[in-house]
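One-based numbering along the sequence shown.
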Amino acid sequence: MNYSKEEVKEFIEQEDVKFVRLAFCDINGKQKNISISPSEIDRAFDEGISFDASGIEGFGHELRTDLMLHPISKTLNVLPWRPSQGKVIRMFCNIKYPDGTPFEIDTRQILQNAVKEAKNMGLTVQFGTEFEFYLFKTDENGNKTNIPFDNAGYMDVAPEDKGENIRREICLTLLEMGINPESSLHLDGPGQNEIDFRYADALTAADNAMNFVSVVKAAALHNGLYADFSPKPIMDKPGNGLHINISVKSEDGLFYNAKFMAGVMDHICEITAFLNTKEASYKRLGEHTAPKYVTWTKENRSQLLRVPERRNEHKRFELRSPDPCANPYLAFAMLIYAGLDGIKRNLELPAPFDTNIKDSEQSVKDSLKKLPDSLEAAVELATKSEFVNSVISKEVLNLL
């Protein structure tokens, strides 16, 4: 959907919209919103809607607590799980100070800036995401238990796979919102599921990621379950990953995936704090098929980067280290900046590592570059990185 301001107003009137949710994302990737009545929509577009930023981590301080939400009309979605009469719509927003200055910690704006830099280089970067999550049973009060919804395994079917109908509900809800999931399946872990998305431009992909998490949590609640996106919900089982597929193309149709990949590999340790934001993230890395070393391959799914055999517009590479707790706007922005740096510096990819790392001699493993092994180490690398400091403000770095 690509609505203009006037089309939004017309939609509100014709579709009996009773509430408008103005949404944004905090530094930790958690969606926030404020609801306004349709009568306030002109003021929202023309002036912005103020909110008290002091209650949101990193947003407010004693001297400047007021911020303004400015809705982005083309991000309009109807929330299908709300009443069909008296509809509720949601739009993502830019965040600004009352004087119109962009707010430094508006992570969507940070991604917009990265997209703009790519565009200035004549490049379009597209993202396709693969989200993993667990479904847990809840107790009589609706609180999460540690009991998985089922004990099915990889690609199992019903009746072992009890999540089949819930995944279908999630996918149908997304389709109602104009978001197209590509595939869904049961994963290795008990109660673990995956839903994948087709390519989209960076901002659309990040907006879709925020919408997706909301839809999954709403569907889980509707079915008396709890959806867990944390990196390691069950210590001795596979963790949840957020695999990110990336395709980089110039205006004349040429792909720049290899040099972009080289930039990502060169900076991956410095930007890991943006991709793996929880201490538990580092308990996932190196376990099962989650990567630990900075290597790439064409087939092995336990390595950092994988290049599937694809042709034409489907050419891509897959980054397998991030997890779903990452703020998608920040994660995509840092990947764009890292990849563009690889193109600017004309970096070449190292040789692929086409053997199974787990079966390799320890001396071989010791020779490989490793991802940070803790959140503390990752944050230290980010804050001391000349590259990271050149693309991200101190205000954001201070919140890591």
Side-chain polar contacts of residues 367-374 - donor-acceptor pairs under 3.5 angstrom, sequence neighbours left out - could you list them?
from: S367; atom 1: OG; to: V364; atom 2: O; distance (Å): 2.6
from: S374; atom 1: OG; to: A377; atom 2: N; distance (Å): 3.1

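- Classification of the F103-F59 ring pair by plane angle, with boundaries at 30° and 60°, yields perpendicular.
- With 3.5 Å as the limit, one finds no donor-acceptor pair spanning the side chains of N165 and E169.
- No donor-acceptor contact under 3.5 angstrom links the side chains of N180 and R198, judged on distance only.
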List the steps and the verdict of side chain to side chain donor-acceptor pair (under 3.5 Å) for T295 and Q303.
CA-CA 6 Å; T295 57; Q303 297 194 38; 2.8 Å; yes
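- The closest side-chain donor-acceptor pair between H186 and D150 falls under 3.5 angstrom.
- With sequence neighbours excluded, the residues forming a ring pair (Phe, Tyr, Trp, His ring centres under 6.0 Å) with F131 are F212, listed by chain and number.
- Salt bridge status for K344 with E117: present, with a side-chain N to carboxylate O gap under 4.0 Å.
- Electrostatic pairing of E318 and R320 counts as a salt bridge here, judged by a charged N lying under 4.0 Å from a carboxylate O.
- Taking the six-membered ring for Trp and thresholds of 30 and 60 degrees, F92 and Y329 have ring planes more than 60 degrees apart, a perpendicular arrangement.
- Residues I170 and A219 come closest through the heavy atom pair CG1-CB, 3.6 Å.
- For E7 (side chain) and S4 (main-chain N/O), a donor-acceptor pair under 3.5 Å exists by modelled atom type.
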If you apply the rule side chain to side chain donor-acceptor pair (under 3.5 Å), what do you find for S281 with D323, and how did you get there?
CA-CA 7 Å; S281 300; D323 63 65; 2.7 Å; yes
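- Residues A273 and A382 share a closest heavy-atom pair of CB-CB, 4.2 Å.
- In this structure, F255 has its ring center no closer than 6.0 Å to that of F260.
- Using a cut-off of 4.0 Å between Lys/Arg side-chain N and Asp/Glu carboxylate O, K237 and D188 are scored as not salt-bridged.
- Side-chain atoms of N389 come within 3.5 Å of backbone atoms of T383 as a donor-acceptor pair (strictly under, hydrogens ignored).
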Could you go through the side chain to side chain donor-acceptor pair (under 3.5 Å) check for D201 and T204 one step at a time?
CA-CA 5 Å; D201 66 89; T204 299; 2.7 Å; yes
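- Using modelled atom types, one side-chain atom of N77 and one backbone atom of M177 make a donor-acceptor pair closer than 3.5 Å.
- Atom CD in E380 sits 12.0 Å away from atom OG in S385 (nearest 0.5 Å).
- For the atom pair NZ of K283 and NZ of K278, the computed distance is 13.0 Å after rounding to the nearest 0.5 Å.
- Pairs passing the ring-ring contact (aromatic ring centres under 6.0 Å, His included) check and including a residue from residues 136-174, sequence neighbours excluded, read Y134-F136.
- What you find for G48 and M68 is that their closest heavy atoms are O-CE, 3.4 Å.
- A salt bridge links D46 and K5; the closest N-O separation between the charged side-chain nitrogens and carboxylate oxygens is under 4.0 Å.
- A side-chain donor-acceptor contact under 3.5 Å links N327 and T107.
- The nearest pair of heavy atoms linking A44 to P71 is O-CD, 3.3 Å.
- With salt bridges taken as basic N to acidic carboxylate O contacts below 4.0 Å, none links K96 and D106.
- Looking at K144 and D139, no side-chain N of the basic residue comes within less than 4.0 Å of a carboxylate O on the acidic one, giving no salt bridge.
- A salt bridge is absent between K365 and E361: the closest approach of a Lys/Arg side-chain nitrogen to an acidic carboxylate oxygen does not fall below 4.0 angstrom.
- Salt bridge absent: R284 and E287 never bring a charged side-chain N and a carboxylate O closer than 4.0 Å.
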